[in-house]
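Some notes on the structure that comes next.
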There are 2 protein chains.
Amino acid sequence: MSDIKTGINPLFLREEELRQGIELLFFAYRDFTAEPDAILGEYGFGRAHHRVIYFVGRHPGITVSDLLEILRITKQSLSRVLGQLVTEKFIVQRPGVRDRRQRLLELTEKGVELERLLTERQRARIARAYREAGAEAVEGFRKVMLGLVDEAGRGRFPARAAGPRRGA
Amino acid sequence: MSDIKTGINPLFLREEELRQGIELLFFAYRDFTAEPDAILGEYGFGRAHHRVIYFVGRHPGITVSDLLEILRITKQSLSRVLGQLVTEKFIVQRPGVRDRRQRLLELTEKGVELERLLTERQRARIARAYREAGAEAVEGFRKVMLGLVDEAGRGRFPARAAGPRRGA
DNA sequence: GTGGTTACGTCAGTCATGTTGACATATATG
DNA sequence: CATATATGTCAACATGACTGACGTAACCAC
């Protein structure tokens, strides 16, 4: 009983600590997506469109199957969203050179503009949080976040140099 | 800034750094929710049910309007999910004492069990990430995550002691 | 105690985004 | 040539959001 008040019971603290982590994830994600969502609404798009635009912008020439792997949705789900983006000329598809079955995806100039508009809000939010927290905290943030990602997905994030890099 | 460390193109690195932050949020959240989602499926529930169960468990006796404020959804959306949870006896409602218009929400024993089952996976994931990253990294994680939350929502998270606590 | 506000519920319709399953086409590969 | 792969498409369905309108009970101020 009095452990609660005094904060001596380590099990309680651990529980509280972990629940705070859970909630930070929830609230940060909720607020992180709210701004772009509002903008997307004006275009008749949703969050799914943002994700597609984002990752196509990030990986120009990405294949459909690689995009599916990132998003972890079915091709039918992607199809609707991607179809709209292609129809409305935010994204173009061109056949692969080595493998002509592939439809490599790229943003059009219009697509790049929308991507910038949407992501800018998120970038600014992260930049502010990073700036206020300081470089050391950012390093810790990265470590913990990476630990939350499934083992299989961590390859996407390059290991950071421990100290200043000397050569190339 | 820490751009100095790398001594290459600071603007590019900053861009890259921020995009990594964006992606960490996406992938961490994606993987963080995947496990409970799978369990929820067995109950015929979805992620929305988890959120309700979680926050009712976290704040026993919470009012409907406070819950709405946390979730940032409409009462009609909540109604369906909450209705199911009440019908299936995971949650009970009792009228407020001071204000009898309120329907204060609480988990039943069944509800507590399901909450535990669901949240346990997330707690374990966070615990692992915290353990692997170390106490200092956790502190940084918290700082950055809190900075990502809208100013208005930060009150929920108590400010932490600046350093190691020496006595009371 | 009447009247306005608040807390909550409900009916009805719509939309975005996910799912499964089946089938089609073009290309690559052995 | 046969089979596997990359992608697309049609159809049906579930979840969880939304808006708008309306209803009821309880609180509160005058």
DNA chain C contacts made by residues 47-66 of chain B, counting heavy atoms under 4.0 Å:
B:T63, B:V64, B:S65
Please give, in whole Å, the distance from C:dC8 P to B:L104 CG?
8 Å
Could you tell me which residues satisfy ring pair (Phe, Tyr, Trp, His ring centres under 6.0 Å) with A:F32, sequence neighbours excluded, listed by chain and number?
none
Length of the line joining B:R80:CZ and D:dA14:P, which is rounded to integer Å
13 Å
Look at all strands and tell whether A:Q84 reaches a base, only sugar-phosphate, or nothing, counting heavy atoms closer than 4.0 Å.
nothing
Could you tell me whether B:E115 and A:R19 have a side-chain N and a carboxylate O separated by less than 4.0 Å?
yes
Contact between A:L105 and A:L82 at the side-chain level, heavy atoms closer than 4.5 Å - yes or no?
yes
Would you confirm whether A:D150, through its side chain, and A:A152, through its main-chain N or O, come within 3.5 Å as a donor-acceptor pair?
no
Nucleotides 20-30 of chain C: protein proximity per nucleotide (B base, S sugar-phosphate only, - neither; heavy atom, under 4.0 Å)
BBB---BBS--
Report the residues that fulfil side-chain hydrogen bond (donor to acceptor under 3.5 Å, both in side chains) with A:E42, sequence neighbours left out, ordered by chain and then residue number.
none
Can you list the residues that meet the side-chain hydrogen bond (donor to acceptor under 3.5 Å, both in side chains) rule with B:R72, with sequence neighbours excluded?
none
Whether A:F141 and B:F141 hold their rings parallel, tilted or perpendicular, with breakpoints at 30° and 60°
parallel
With a 4.0 Å cut-off on N to O distance, would you call B:R142 and B:E139 a salt bridge?
yes
Enumerate the residues from residues 32-41 of chain B whose closest heavy atom to DNA chain D is under 4.0 Å, giving them by residue number; use none for an empty result.
none
